[in-house]
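Just the heavy atoms: all of them, side chains too, but no hydrogens, waters or symmetry mates, feed the values below.
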Amino acid sequence: MTQQTHPDGPAREHAADDGPAHRYNAARADDIERRWQSVWADRGTFVQPNPGEEGFDASRPKFYCLDMFPYPSGAGLHVGHPEGYTATDIICRYKKMSGFNVLHPMGWDAFGLPAEQYAIQTGVHPAETTRTAIDNFRRQLQRFGFCYDWSREFATIDEDYYRWTQWVFVKIYGSWFDTDAGEGAGRARPIEELVEEFESGKREIRVNPDAAEHDGQVRSRRFGAWASLSEDDRRLVLDSYRLAYLGEQTVNWCPKLGTALANEEVIDGKSERGGYPVFRKPLRQWMFRITAYGTRLLDDLPKLDWPESTRTQQAEWIGRSEGAEVSFELVDGPEGAAGELLVYTTRPDTLFGATYMVVAPEHPLIEAHLSVGAPGADAAELMAYVTSARNRTDVERQESKEKTGVFTGIEAINPLTGDRIPVWCSDYVLMGYGSGAIMAVPAHDERDFEFARAFGLPILDVVLPRTEAVIVRAASVATPAERDDRHWAAFAADLLGLMMSDDDAAPSEFNDRFDWALHLVRTRRSSEQVVAMQTPGSPAADVPGAVGMNRGTTRVVWLDALEELGAATHAATEELFAGRQRAVNRGEAYAAPGVAAYSVRPAEGACVALELDGLATAEAKERATSWLEDAGLGRRKVNYKLRDWLFSRQRYWGEPFPIVFDENGHHHAVSEDSLPVALPALADYQPVESDEPVPLLGKATDWVSTTAGEAGVPGLDETARVTREVNTMPGWAGSCWYYLRYCSPGAGDRFVSLDSERYWMLSPRPGVTRDEALRSGTFDETTQQLGGVDLYVGGAEHAVLHLLYARFWHKVLFDLGEVSTPEPFHKMFHQGLITSYAYQRADRSLVPVDEVEERDGAHVEIATGEHVTQITAKMSKSLRNVVNPDDVIAEFGADTFRLYEMYMGPLEQSKPWDTRAIGGMYKFLQRLWRVVVDEQTGELKIADATDERLDRELHRAVAKVGDDIERLAFNTAIAAMIELVNSATQKLGATGEGTALTREQIEKLALIACPFAPHLAEEVWAKLTAGTDLDGTLASERPWPGYDPAKLVDDEVEIAVQLKGKVKARVTVPANLDQNALQEMVLAMPEVAALIDGLTVRKVIAVPGRLVNIVAT
RNA sequence: GGGCCCGUGGCGGAAUUGGCAGACGCGGCGGAUUUAAAAUCCGCUUCUCGGUGACGGGAGUGAGGGUUCGAGUCCCUCCGGGCCCACCA
């Protein structure tokens, strides 16, 4: 007998059994669920009025709970969608029952590449396929009985919505980032204010020095009075400040998708969508100056209640680093080019060791140099290298980390050593970061080291590794006893351990720190920081006098030190004792006594001497930077990995830009009241696969070519010919602000109504009244919270995409006074992935689930009989383990589905789908039903008398379910209800015909079950209240039930009696005993006395309610 | 290569603050009911040793060590798995 075990195996028969007339089964569930869903819809149960609207209750606190709105695809909902949606549904229902005004909306993220790709495949217009998909998604979501306020539904493709998306773009376009405003952190201001500052002379007229799209030459240009400037010059300056600008930059170009992509959309050098190759290509595109917000996006992260991993990911993506920009003088630089090469470094302290320089293939210096024939280099070779680097995809660039490069023929001068150093060209330097050029310090940078080794460039040590530094120093101070062969290793290792510890008490200067460590080692004081190494068998234990740090570094330090001092280098140690010098690389020598972290060579020809000897890295960096600034050779600089956000796509299915170009090619924003710029209905939306961007909207020639009057461009003559921008916005645009629109989806005069936005987004926090929060502006100093959506649930895959983009838009809107909070999402939660079982052969290849069966408890591939191992994998078509929610609902009902997904495990964890386990939840609901409903008659089964034990369990369940919902632990909440129902079932007796719960108890049970299985709960509630005062009320509208705290504690508790930590007995004692009384009572008990008979009691630990631990020997 | 997270029965998981490990569910085994089956209800189900049995002994949260009266939980090392980032100077 074999058994199918794969998840989507044959339908389970028990789900469709006949049974008694009123049994809870799939047919009944279907009937109940559809009936209550239409009742909720008809009554508008989950319609939440806004402030000022009829039915709005201002006395209630608010709760804004947001789901990531889905991207409606043709495939319909998969089982991952309802996981997060059920979780928020439970919370919202609970919050509503607990007296909150709950905003819980749903809508559709409907513009974007996949819909367009799908349309191209099927030949059906994306507008049509998307609408069909939305209808299907809505039907599926409504079948779950989710408590969305459907009156707030919208799709990002609605003209009424994207009109405002375009409006936000115009706002950002019309803004600049004033780095001096906003208490030093910077703030967006309207561009008109910048013009005023230029006109009045308050601000020097020059190109924005932080603008990534301009090189140093443009940046250093000087301009005359504003009134005297040409239109082109004014635009050059203003555009360099605009937060949305047209910039020629090296971008990610994906020929297969026929569009450019943002950095965030490129993963491992391939497009996030489709996995197609991506090239670097200079293109003129719409960009957002998100880099201007780098500091604020980073600084506000710790104030958010977000998963640590997501905050870390964003912080790393923003990638702030502090360093210096250093100018290197070029020897015989190309004509016309500035005679300097600017680099960015985080280690200005290693400037002594810069033995060559590298520029990116796209660096302007190369272009200029080639244009004059690249003297000093093989011009053909250089040209070939630059060309091939450009034609390589990112994948190809990353495939081999082997360093390639060409000497440019140019030389520069190291300002500290005065050495002439060569300038190379290599693609390991990226044009997009820093200045696209580096000073190479091969001794202390792994990449520079590899490059230097590959091309035979000099390597010069300038930072003495800590370990070496300590050992060298130790050798110079060691007493004869310490130099004793047996003690030397221990002595040096102890010093190392202390030097490398992160102890706060340790001095920061290398020399002081060394003395501190030396003192501790010599006095052998067992302070809190220093504990003896007690590991038997460890190397330390064999070394006399060993002292180690009880820290993570101990063992590492030890092994390092022993290796350092062991067989390999013992001879070198001997040399140190002899006071001989230690050679390093090119024959440079460290001074023997007093050697510390740094070794400095005299700076031949340098104007000022830079002394770094003995400094720790942080201090050396600081001193080097100051020196550079004093010498006029560089400046302090903060850099970000974050690049400006490429915002245009050459595709059809997206929001058109509200931008036109006049006959001079100047861009103009469309006026607010001319919005929306409607997407033209293109019949031919086939993309053109090309090496050059061919925006599809170009095909709509009538639409593209229009007049200023037609397009609604203020400041131009009505009849002036203008051309529309033919790029479209990326799929992210609509999701950047949808959570705001939900606050007032119908608002016609504003993107969101002021009052609604303030109410739903600016939450009063615990201890702060709403009025106080409003008065204090936006930031709540007391709780350090920034307001925003109270709970946002969605996948972790958006950590650096949607969640970063939305924060950026929100901050701009905040700066402009359009929204009241600096952050959009206060609390973020990621639901885990729902995976599925799959099977793996011995060679790790995968087998689809339907080709595997279970024989004698082992999984076997049917075709070959080969044993396979069960693993978990992402659901995929090829593994044939995708589960369709519609099928599951048809077989068990939505309540069972909801319960099952919530019961699988912690919400944030990824969990495998197990079709067999669904039956468990189905049976639970059947039992719950049977406990209160007579399966023969359909009448309620109401007990006359309260069973005290059962009542305690009920109160406990009420308390636990409420607590567990608050902390999003739905699995344990459900377990508590199962336990209660199981107890009640037992009370029914063997025949199942008895009664278990009183009317009041059934009420409570129905109410706590309501957030989880709302349809079943309503049905029970309706039966219960028929003919009473509450007739016609809904369970969903009732308050969350209370419980009696007195019923949570028992009079007596069973505690464990431990003897030396081992449980030896269990005794029952009164629950209210304090520690002393408990100890006395337990020790006096005969069974305990027997335990300790003949032993001496050394110590007794009594923990009331838990245990008594007796230490006796 | 770097960062983050996780290892608990045959499986999913529970143990909220360092205090009786394995709640609850799946699967499995046994029983009641039934002409029979399904469904339902009840019981058992970490491993191991001893005992016909009620029961008793021992071990046990990836491995090893540490702190503690007491460790799944805290610290260290190692092993295994997952996720994210990845030439960012």
Side-chain angles (χ1 to χ4, degrees), chain A residues 5 13-14 17-20 23 267-268 308-310 312-313 316-317 319 321 323 343-347 358 397-398 401 403 426-430 432-435 437-441 445-448 450-451 531 534-538 550-556 639-643 796-797 799-800 833 837 857 870 872 900 903-906 909-912 914 916-921 923-924 926-927 930 935 963-964 967 969 971-972 974-979 982 985-986 988-992 1054-1058 1060-1063 1066 1098-1101 1103 1105-1107 1109-1111:
Chain A
T5 56
E13 283 164 23
H14 64 252
D17 68 292
D18 300 315
R23 170 159 293 175
I267 297 177
D268 294 335
E308 186 64 43
S309 63
T310 305
T312 308
Q313 268 184 60
E316 281 175 3
W317 186 261
S321 70
V343 301
Y344 173 73
T345 177
T346 52
R347 293 294 302 273
V358 187
R397 284 195 184 194
Q398 286 166 20
K401 296 239 162 158
K403 298 285 179 286
S426 173
D427 66 357
Y428 86 88
V429 172
L430 310 173
Y433 184 76
S435 61
I438 60 158
M439 65 176 212
V441 185
D445 182 283
E446 217 176 304
R447 296 149 304 175
D448 295 344
E450 281 170 30
F451 192 82
V531 293
Q534 294 173 333
T535 317
S538 84
N550 189 21
R551 300 250 180 196
T553 50
T554 316
R555 199 66 63 85
V556 180
N639 243 339
Y640 296 93
K641 286 192 207 173
L642 182 72
R643 314 292 158 76
E797 68 275 15
V800 290
L833 200 66
Y837 288 119
Q870 190 178 59
T872 54
Y900 171 64
Y903 191 65
M904 291 170 79
Q909 239 170 59
S910 81
K911 307 153 283 248
D914 180 3
R916 288 186 299 187
I918 303 173
M921 287 303 104
K923 279 193 282 187
F924 161 58
Q926 277 189 326
R927 256 196 318 271
R930 196 177 304 114
E935 292 192 316
D963 285 354
D964 284 354
R967 60 185 189 100
N971 52 336
T972 49
I974 294 168
M977 289 190 281
I978 293 174
E979 281 183 85
N982 285 350
T985 303
Q986 287 191 350
L988 294 178
T991 59
E1054 190 190 67
I1055 65 160
V1057 180
Q1058 295 182 335
K1060 288 196 286 186
K1062 296 272 178 214
V1063 180
R1066 290 172 220 279
R1098 307 266 177 214
K1099 194 173 182 183
V1100 180
I1101 291 104
V1103 183
R1106 301 274 186 196
L1107 51 68
N1109 187 11
I1110 303 163
V1111 186

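With rounding to whole Å, A:M439 atom CE is found 21 Å from B:C87 atom P. A straight line from CD1 of A:I918 to P of B:G25 spans 17 Å, rounded to a whole angstrom. Residue A:Q909 contributes atom CD, which lies 14 Å from atom P of B:C83 at whole-angstrom precision. Residue A:E797 contributes atom CD, which lies 11 Å from atom P of B:C85 at whole-angstrom precision. In this structure, CD1 of A:I1055 is placed 11 Å from C1' of B:G19, rounded to the nearest angstrom. The interatomic distance linking A:E979 (CD) with B:G25 (C1') rounds to 11 Å, in whole Å. What separates CG of A:N1109 from C1' of B:G18 is a distance of 13 Å, to the nearest Å. In this entry the distance linking CZ of A:R916 with P of B:G27 reads 7 Å, nearest Å.
Nucleotides B:G28 and B:G18 place their C1' atoms 36 Å apart, quoted to the nearest Å. Nucleotides B:U46 and B:G9 have their P atoms positioned 13 Å apart, rounded to a whole Å. Rounded to a whole angstrom, the distance from the C1' atom of B:U48 to that of B:G43 is 23 Å. Annotation: B:C49 and B:G53 have their P atoms spaced 14 Å apart (nearest Å). Between B:C24 and B:U8, the two C1' atoms lie 15 Å apart (nearest whole Å). With both ends at atom C1', the span from B:G60 to B:C47 equals 7 Å, rounded to whole Å. Nucleotides B:U45 and B:G65 have their C1' atoms positioned 34 Å apart, rounded to a whole Å. Separating the C1' atom of B:U73 from that of B:C6 is a span of 14 Å, rounded to the nearest Å.
With B:C87, B:A15, B:C20 as the choices, the nucleotide that has an atom nearest any side-chain atom of A:V1063 turns out to be B:C20. Nearest to the side chain of A:R927, among B:A39, B:C69, B:C41, sits B:C41. You'll find that the side chain of A:M921 is closest to B:G25, out of B:A15, B:C85, B:G25. The listed nucleotides are B:C87, B:U40, B:A14; the one nearest the side chain of A:R930 is B:U40. Of the candidate nucleotides B:C41, B:C87, B:A15, B:C41 has the atom nearest to the side chain of A:T985. With B:A89, B:C87, B:G3 as the candidates, the nucleotide lying closest to the side chain of A:D427 is B:C87. You'll find that the side chain of A:A1056 is closest to B:C20, out of B:A89, B:G3, B:C20. Considering only the side chain of A:R1106, B:G19 comes nearest among B:C20, B:G19, B:A86. For A:P912, the side-chain atoms get nearest to B:G12 when compared with the rest of B:A89, B:G12, B:U16.
Scanning all heavy atoms of the two residues, the minimum distance from A:Q909 to A:K911 falls at O-NZ, 2.9 Å. Of all non-hydrogen atoms in A:A1056 and A:V1063, the two that sit nearest each other are CB-CG1, 4.1 Å. Counting all heavy atoms, side chain and backbone alike, A:Y428 lies closest to A:D448 at OH-OD1, 2.7 Å. Taking every heavy atom of both residues into account, A:T346 and A:S321 meet most closely at CG2-OG, 3.8 Å.
RNA chain B is contacted by both A:I1110 and A:S309; A:S309 maps to the nucleotide lying nearer its 5′ end (nearest heavy atom per residue). Place A:Q1058 and A:P906 on RNA chain B by their nearest nucleotides, and A:P906 ends up nearer the 5' end.
Here A:A975 lies in heavy-atom contact (under 4.0 Å) with a base. Here A:V1111 lies in heavy-atom contact (under 4.0 Å) with sugar-phosphate atoms only. At a threshold of 4.0 angstrom between heavy atoms, the contacts of A:I978 are confined to the sugar-phosphate backbone, with no base atom among them.
Base pairing annotation: B:A38 forms no Watson-Crick or G-U wobble pair, as no partner gives both donor-acceptor distances under 3.5 Å. As the counterpart of B:A54, no nucleotide is assigned, since no Watson-Crick or G-U wobble pattern has both distances under 3.5 Å. Taking a pair to require two hydrogen-bonding distances under 3.5 Å in either a Watson-Crick or a G-U wobble arrangement, B:G7 pairs with B:C79. Nucleotide B:G1 is matched to B:C85 when pairs are restricted to Watson-Crick or G-U wobble geometry with both distances under 3.5 angstrom. Pairing for B:G43 goes to B:C29, judged as Watson-Crick or G-U wobble with the two contacts each under 3.5 Å. Pairing of B:U68, defined by two Watson-Crick or G-U wobble distances under 3.5 Å, is not identified with any nucleotide. As the counterpart of B:G18, no nucleotide is assigned, since no Watson-Crick or G-U wobble pattern has both distances under 3.5 Å.
Between A:Q313 and the phosphate of B:C4, there is no side-chain N or O to OP1/OP2 separation shorter than 4.0 Å. For the OP1/OP2 pair of B:A89 and a distance below 4.0 Å, the side-chain nitrogens and oxygens of A:S321 include at least one atom meeting the criterion. Distances shown here put every side-chain N or O of A:K911 at or beyond 4.0 Å from the OP1 or OP2 atom of B:G12. The phosphate of B:C41 (OP1 or OP2) has no side-chain N or O of A:K923 nearer than 4.0 angstrom. A:N971 has no side-chain polar atom (N or O) that falls below the 4.0 Å cut-off from OP1 or OP2 of B:G25. Considering only side-chain N and O atoms, A:Y433 lies under 4.0 angstrom from the phosphate OP1 or OP2 of B:A89. Close to B:C41, at under 4.0 Å from its OP1 or OP2, lies no side-chain N or O of A:N982.
The aromatic rings of A:Y433 and A:Y344 lie perpendicular to each other, with more than 60° between the two planes, well past the 30° mark.
When atom types are taken as modelled, the side chain of A:Y900 and the backbone of A:D914 share a donor-acceptor pair closer than 3.5 angstrom.
For A:K403 and A:F451, the positive end is not near the middle of the six-membered ring at less than 6.0 Å and at most 45° from its axis.
Glycosidic conformation of B:G57: anti, with the torsion beyond 90° of 0.
Taking CD of A:E797 as the reference point, atom OG1 of A:T310 lies at 10.5 Å (rounded to 0.5 Å). For the atom pair A:E316 CD and A:S309 OG, the distance stands at 10.5 Å (nearest 0.5 Å).
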